[in-house]
Amino acid sequence: MSIHQSVLELIGDTPIIKAQRLDTGVCELYLKLESQNPGGSIKDRIGLSMIEAAEKAGKIRPGDTLVEGTAGNTGIGLALVAQQKGYKLILVVPDKMSREKIFNLKAMGAQVVLTRSDVAKGHPDYYQDLAERLARETPGAYFINQFGNPDNPAAHEFGTGPEILRQMAGIGGLDAIVFGCGSSGTMTGLSRFFAKESPDTELILADPVGSILEEYINRGTLSDKSASWMVEGIGEDFLPPISDFTRVKKAYAISDKESFLTARELLEKEGILGGSSTGTLLAAALKYCREQTTPKKVLTLVCDTGNKYLSKMYNDYWMLDNGFLARQSTGDLRDLILRPFSQRDTVVVGPNDLLVTAYQRMKLYDVSQLPVMDGDNIVGIVDESDVLLHVYGDESRFRDPVSTAMVSKLDKIDVRSPIESLLPVFDRGHVAIVVDGEKFIGLITRIDLLNYLRRRVQ
């Protein structure tokens, strides 16, 4: 292998893998691993393209401030390039972005401005509009504007497209490609390239349910109303200025649940850790493959790495909370318990454990209270307030046993009690301790009840 002088030289030339264990019908399905780019996504390509084009045009020079609105991966691609080339970077991101992406951006030196994800274009808090305003208000700042920047699709028309066709040439070319659309750079660039170099290749769009693009492609109508979705990076509530949908003939609307479960299936069956939009693209590609009656070579993109979603779609508790994994209904309060004790999912502490141990477990598992268990018997509960009041003024008390700070008078509720019985417990500022006779079943917090009620709406 050759020696590289910069991480930027590693952008592109990503590998393609043939799916072996997914049900692809009569078709062959190929996966292009854009997750292998140094920043972990296909957006590294446009980050490099847009910044270098601005440099060549004399619009920016090292030390300048760049501003962009992004759902995540474009920001990481820009941060990677800005870091290497010596630019300051301000990124406006919607608050549905995974924590991993935010941590990644900040670690690379970007300034992150969080804004609302529940508002549409035209609202002052919409992430693109807010980014444009920040760019105007920041002296000497340059607005990248991925949604209106022609160097976005150019990265794929002159880079990704030729790369795919060159890689697929050895097996006879490509019959169909499935992609998503956020800023529309990938879709527009690839469609322009294939129109010139492989016009028989079908172009298929994967779109989250709630986005307006599937309806626009399949029915020719442009809705002015969109709903929210949890998949990151693709789907739109408007047509980006650089978009060119003329060659896209079919689109599939994929729900959040199907996207997340399909991404998890990709890891389980093919060993490929992809992100949320990868699940959307793969689900659409599988639908397309299974609809075909003659064999075709189909390619889709692993848009980014699933390492950025470990706290979300690869977290069983998050999936259960959001109703994406099925629960076995019991018809009693067990339906509200996220971490049942019988499955050893409940995070617990013993009465003889040190308070510092209780504190560390609360931090590690992001919980505010722990049941204190002596074997299978609950003998108390300890929460953040209990620990704080015990150690305040004498930090050495962190070495005291949990039994010295725990509450032993417990608010127990029988598992067959109505949901309404939880409200007085919460009103007293307590957590509900659910039991079946003397047997401890688990805890129910306010957020558990809220999640249960939201799942019922779904």
Side-chain angles (χ1 to χ4, degrees), residues 11-20 22 24-37 41-46 48-49 150-207 213-214 216-218 234 239-240 242-252 254 272 274 277-278 280-304:
I11 295 174
D13 289 320
T14 55
I16 294 177
I17 290 179
K18 182 181 178 180
Q20 300 291 340
L22 296 168
T24 61
V26 298
C27 296
E28 296 175 0
L29 179 60
Y30 296 85
L31 307 162
K32 185 161 175 62
L33 303 185
E34 289 299 298
S35 53
Q36 298 300 302
N37 282 301
S41 87
I42 193 171
K43 299 296 189 177
D44 288 2
R45 296 177 184 265
I46 69 170
L48 184 62
S49 173
D151 298 308
N152 177 351
H156 303 294
E157 182 177 358
F158 303 108
T160 317
E163 190 179 304
I164 291 172
L165 209 55
R166 183 177 67 249
Q167 290 173 303
M168 296 297 291
I171 59 169
L174 181 62
D175 296 305
I177 182 168
V178 181
F179 42 57
C181 179
S183 66
S184 81
T186 303
M187 181 271 300
T188 298
L190 290 180
S191 65
R192 287 175 179 168
F193 171 77
F194 282 102
K196 292 182 292 185
E197 303 296 335
S198 182
D200 292 332
T201 299
E202 294 181 72
L203 307 177
I204 311 298
L205 180 70
D207 201 37
L213 301 180
E214 180 269 339
Y216 178 68
I217 295 298
N218 290 339
I234 59 172
L239 300 185
I242 59 171
S243 64
D244 181 356
F245 292 92
T246 56
R247 300 172 187 87
V248 182
K249 302 304 180 186
K250 186 175 181 64
Y252 293 89
I254 307 296
I272 297 172
S277 60
T278 296
T280 309
L281 270 61
L282 179 58
L286 291 173
K287 287 180 184 292
Y288 174 84
C289 288
R290 293 164 188 169
E291 289 174 0
Q292 305 310 304
T293 56
T294 57
K296 291 182 179 179
K297 295 179 176 65
V298 182
L299 181 139
T300 193
L301 306 166
V302 177
C303 309
D304 70 342

Exercise. For the residue pair Gly274 and Val302, what are the closest heavy atoms and their distance?
Worked result: CA-CG1, 4.0 Å
Problem set entry | Heavy-atom pair with the smallest gap, counting every atom of Val178 and Ala206 |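 What the structure gives for the nearest pair is CG1-CB, 4.2 Å.
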Flag, side chain of [X] to backbone of [Y], donor-acceptor distance under 3.5 Å:
| X | Y | answer |
| --- | --- | --- |
| Lys32 | Thr14 | yes |
| Thr24 | Cys27 | yes |
| Ser49 | Asn152 | no |
| Thr188 | Gly185 | no |
| Asp175 | Lys297 | yes |
| Asp207 | Ile254 | no |

Quick one: are [X] and [Y] in side-chain contact, heavy atoms under 4.5 Å?
| X | Y | value |
| --- | --- | --- |
| Leu31 | Thr300 | yes |
| Phe179 | Leu205 | yes |
| Thr160 | Phe193 | no |
| Leu174 | Ser198 | no |

For this session: Kindly write out the residues that satisfy salt bridge (charged side-chain N to carboxylate O under 4.0 Å, His left out) with Lys249, not counting sequence neighbours, or none if the list is empty.
Result: none
For this session: With sequence neighbours excluded, tell me which residues meet salt bridge (charged side-chain N to carboxylate O under 4.0 Å, His left out) with Glu214.
Result: Arg219
Problem set entry | Neighbour count above 12 (heavy atom, 6.0 Å) for Lys287 NZ |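 Atom NZ in Lys287 is not crowded, with 12 or fewer foreign heavy atoms closer than 6.0 Å.
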For this session: Tell me, yes or no, whether the heavy-atom count around Tyr216 atom OH, taken from other residues, nucleotides or ligands under 6.0 Å, exceeds 12.
Result: no
For this session: Go through the side-chain N and O atoms of Lys296 and Tyr288 and say whether any donor and acceptor fall under 3.5 Å apart.
Result: yes
